[in-house]
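What's counted below: heavy atoms across the whole structure, side chains too, no hydrogens, waters or symmetry copies.
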Amino acid sequence: MERKSFFYIIFFAIIAFFLLLSSCAGTQSVDISTIPERETEREDRIVKEKKSIEEPSEKKEDKSLTKEKVTEEPTEKKEEKPPSPGTRESKAGGTGAITEDDWVEDIGPESNFTLSESTAPSAEAGAPDAAFGASSFSSGSRPGVSGLRAGFADDNRQYGYFLRFLKEYGYVPHYPIPVEERIILAVKDKDGKSLQNATVTVIDDLVLERGKTLADGSYLFFPSEYRKDLDSYVVRVEWMQQVQDIELLRNGERQVEITFPIARFIENPVPMDILFVFDTTGSMGEEIQRLKTTIELIHLNLTSIQPRPNLRLGMVLYKDVGDEYRTRVIPLTENLEDFRQALSLVEASGGGDHPEDLQAALEEAVKNIDWNKNGIRMAFIITDASPHLDYGQTFTYVDSARKAKELGIKFFTVGTGGLDITGEYILRQISQYTSGKYIFLTYGETGESEGGRPGSVSHHTGANYSTDKLEAIIIRFAREELSYLTDTPLQEAEPYFAARKIEAEEREETLKKLFSLTLEQLVDYSSISISENTPTAVLPITAAGDESKVDAEYFTEQLLVSVSENNFFRPVERKDLQKIMEELKLQLSGITGEEDAAELGRVLNARLLVSGRLYAKEDNYELFLKLLWVETGEVLSVTKAVIQKKLGLKG
């Protein structure tokens, strides 16, 4: 008995010893003295100079307001049993054949597109993320995830917000890209369908720039890149040996449509190139492993839809000066096995001084990749570090962005754990200029993030972003590009705010919050930059039916309160507005045309007009608000609010 007790004591002592070792090994400390002083000073300065963009300290759940969105996407035919293209890492840490259930789980709603209504994720929501869990390849410095969760922001859609971001953080090291003025050209055929790869040439006395339209037929022109004394430009658009010349006014409409009197022609299969510009330094192991695990999933989803693309995949790998290599090019190939083989050899190593040589990689991407000439061209930059700007490179990331626009390449930029505000700033410059989107991995943080440390990515997007798994986002954006070449483009409906009556809050308080949010979105999504204290006239909200006229007047009064408290608007005097409109022979419901808006705005001494239209539904009202620019009469942005009828006077 004594001998048995002795063995028990020895046994438990050994277990305790190994548990102690395990605990010590799993604990990591950060030596603050090893952080470069320059970086520490930059973080301090960021905190001090933040003004309008702040991370909330603690938010209580607001039950009166939600942000909703409706997503409509084409339904795919479900295959009885897709082939097994390879293996994947399981959540438990082993490998096994990819099953149909695995695909559905990984890609989520993308695998079966339906019309659905859901609450849009908010930067401040802080809701638990179902994707978080164990992962066999997660690093010790980040939360393990089964599928890297990512958010994305479209800085051309939220153009006004993006311009404020550039101004707010313009002190970080960067090269300027003047995008303060933007005109969107939309090139279409006789049936209103987008014309891709039309050649656009902008001319003054000389050629200013030349580039290709994208899959949606768009081309971005930024007059702010050129001399301020230029008032107009000649734009020549060429497509299928057809040529159109138009005059473009610098202070004219922000969206200009150019229509060709012929039907478009689309190659079958559609050439589609996707290039991964991948930071492969030591901290990028998790992201590299995830791409290895999901590349078959991405390939299968994109090659099984219509129009069926001729998909080619390639990579530009990069590290830094003094590492194993500075850049390494994996040419575009339509052979998945060749690409997988090349990807399997990619390992994370090197780096260490945080900035890496992204500029050299981008030069490779636009100069030494054999891009297709007549299809879709997309690139995904994936990194956790800002680029070196101190190597004296004559071909900078700005030159690469301009070359990409010339070639019709969209750059989507992906910020991963450790990316700081400098990295975010530069990645967003690149993606916005080339019509891509900024994607940031999320590791459970809420609100805005300064990034700059493992498990944190710098992102400043307000609530204007959506989240999904990284591979699902890649597939979504590629599907979106392909859909522009069909008769039913894949488009996500506009998000809207929903307000309902709750007992703990007066209806005026709820409506004040609602209209504050809708006005913020009108400014964020405006196609021009709105300055503070811009003279603004609020037109009475018009009711689509007699039964909602009383509430339309009530909502107008509440909207005026919110306009008066918004820093971007300075309300103009509305005295005798109805009389003025009668003299001008205008109807409230008709203030949408250029001449009407310009004439009324001049009389009211306003530069902006806010107009609204109210529709009565069974239990709710639907309110559509527009922001109009008086100088041209152009609609700058539109937003929607769904208001419970109990919040009206009749409720």
[Y] and [X] side chains, donor-acceptor separation under 3.5 Å:
X      : Y      : value
Ser435 : Tyr219 : no
Arg182 : Asn156 : yes
Ser400 : Glu363 : no
Thr333 : Asn335 : no
Asp273 : Asn372 : yes
Asp384 : Ser283 : yes
Gln393 : Asp357 : yes
Ser431 : Lys437 : no
Thr383 : Tyr318 : yes

Start with the C-alpha distance between Lys367 and Phe395, add both sets of side-chain angles, then the distance that settles side chain to side chain contact (heavy atoms under 4.5 Å, CB included), and finish with yes or no.
CA-CA 11 Å; Lys367 288 185 175 181; Phe395 197 86; 3.5 Å; yes

Side chains of [X] and [Y]: closer than 4.5 Å at any heavy-atom pair?
X      : Y      : value
Glu324 : Lys319 : yes
Thr416 : Asp279 : no
Tyr433 : Leu220 : no
Leu482 : Pro309 : yes
Pro387 : Ile426 : yes
Glu287 : Phe278 : yes
Leu214 : Gln196 : no
His174 : Gln429 : yes

Considering all heavy atoms, the nearest [X]-[Y] contact:
X      : Y      : answer
Asp320 : Pro355 : OD2-O, 3.2 Å
Ile382 : Met284 : O-CE, 3.7 Å
Gly217 : Ser194 : N-CB, 3.6 Å
Val366 : Leu407 : O-CD1, 3.6 Å
Leu419 : Gly415 : CD2-CA, 3.6 Å
Pro178 : Ser224 : O-OG, 3.0 Å

So, [X] side chain and [Y] main chain: donor-acceptor pair closer than 3.5 Å or not?
X      : Y      : result
Asp420 : Thr422 : yes
Asp399 : Thr396 : yes
Thr434 : Ala404 : no
Trp371 : Ala365 : yes
Thr281 : Gly350 : no
Asn310 : Met272 : no
Gln359 : His388 : yes
Asn197 : Asn374 : yes
Ser304 : Leu300 : yes
Arg308 : Thr303 : yes

Does Leu332 form a side chain to side chain contact (heavy atoms under 4.5 Å, CB included) with Leu313? I'd like the steps, not just the answer.
CA-CA 5 Å; Leu332 291 164; Leu313 301 172; 5.7 Å; no

Please check if atom CD in Glu181 has more than 12 non-hydrogen atoms from other residues, nucleotides or ligands closer than 6.0 Å.
yes

Non-neighbouring partners of Lys405 that pass salt bridge (Lys or Arg N to Asp or Glu O under 4.0 Å), sequence neighbours left out:
Glu209

Just to verify, what does Arg402 make a salt bridge (Lys or Arg N to Asp or Glu O under 4.0 Å) with, not counting sequence neighbours?
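Arg402 satisfies salt bridge (Lys or Arg N to Asp or Glu O under 4.0 Å) with Glu225 once adjacent residues are dropped.
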
Given the rule in the salt bridge (charged side-chain N to carboxylate O under 4.0 Å, His left out) test, do Arg328 and Glu364 qualify, once you have shown the distances and angles that lead to the verdict?
CA-CA 9 Å; Arg328 179 174 293 170; Glu364 294 277 15; over 6 Å; no

Pairing of [X] and [Y] as salt bridge, 4.0 angstrom limit:
X      : Y      : value
Arg290 : Glu286 : no
Glu480 : Lys410 : no
Arg157 : Asp524 : no
Arg377 : Glu481 : no

Which distance, rounded to the nearest 0.5 Å, do you find between the CG of Leu311 and the CG of Asn301?
11.5 Å

Parallel, tilted or perpendicular: rings of [Y] and [X] (30°, 60°):
X      : Y      : result
Phe165 : Phe162 : parallel
Tyr175 : Tyr397 : tilted
Phe380 : Phe412 : parallel

Aromatic ring proximity, centroids under 6.0 angstrom, Phe477 and Phe152:
yes

Would you say the ring centroid of Tyr525 lies under 6.0 angstrom from that of Tyr159?
no

Would Leu291 and Gln289 count as a side chain to side chain contact (heavy atoms under 4.5 Å, CB included) if you check the C-alpha gap in whole Å, the side-chain angles of each, and the deciding distance to 0.1 Å?
CA-CA 5 Å; Leu291 185 61; Gln289 181 61 54; over 6 Å; no

Pair Phe276, Leu343 - check side chain to side chain contact (heavy atoms under 4.5 Å, CB included), show working.
CA-CA 11 Å; Phe276 296 97; Leu343 180 59; over 6 Å; no

Decide salt bridge (charged side-chain N to carboxylate O under 4.0 Å, His left out) for Glu347 and Lys292; before the verdict, give the C-alpha distance in whole Å, the side-chain angles of both, and the deciding distance to 0.1 Å.
CA-CA 11 Å; Glu347 299 294 340; Lys292 291 179 180 180; 3.5 Å; yes

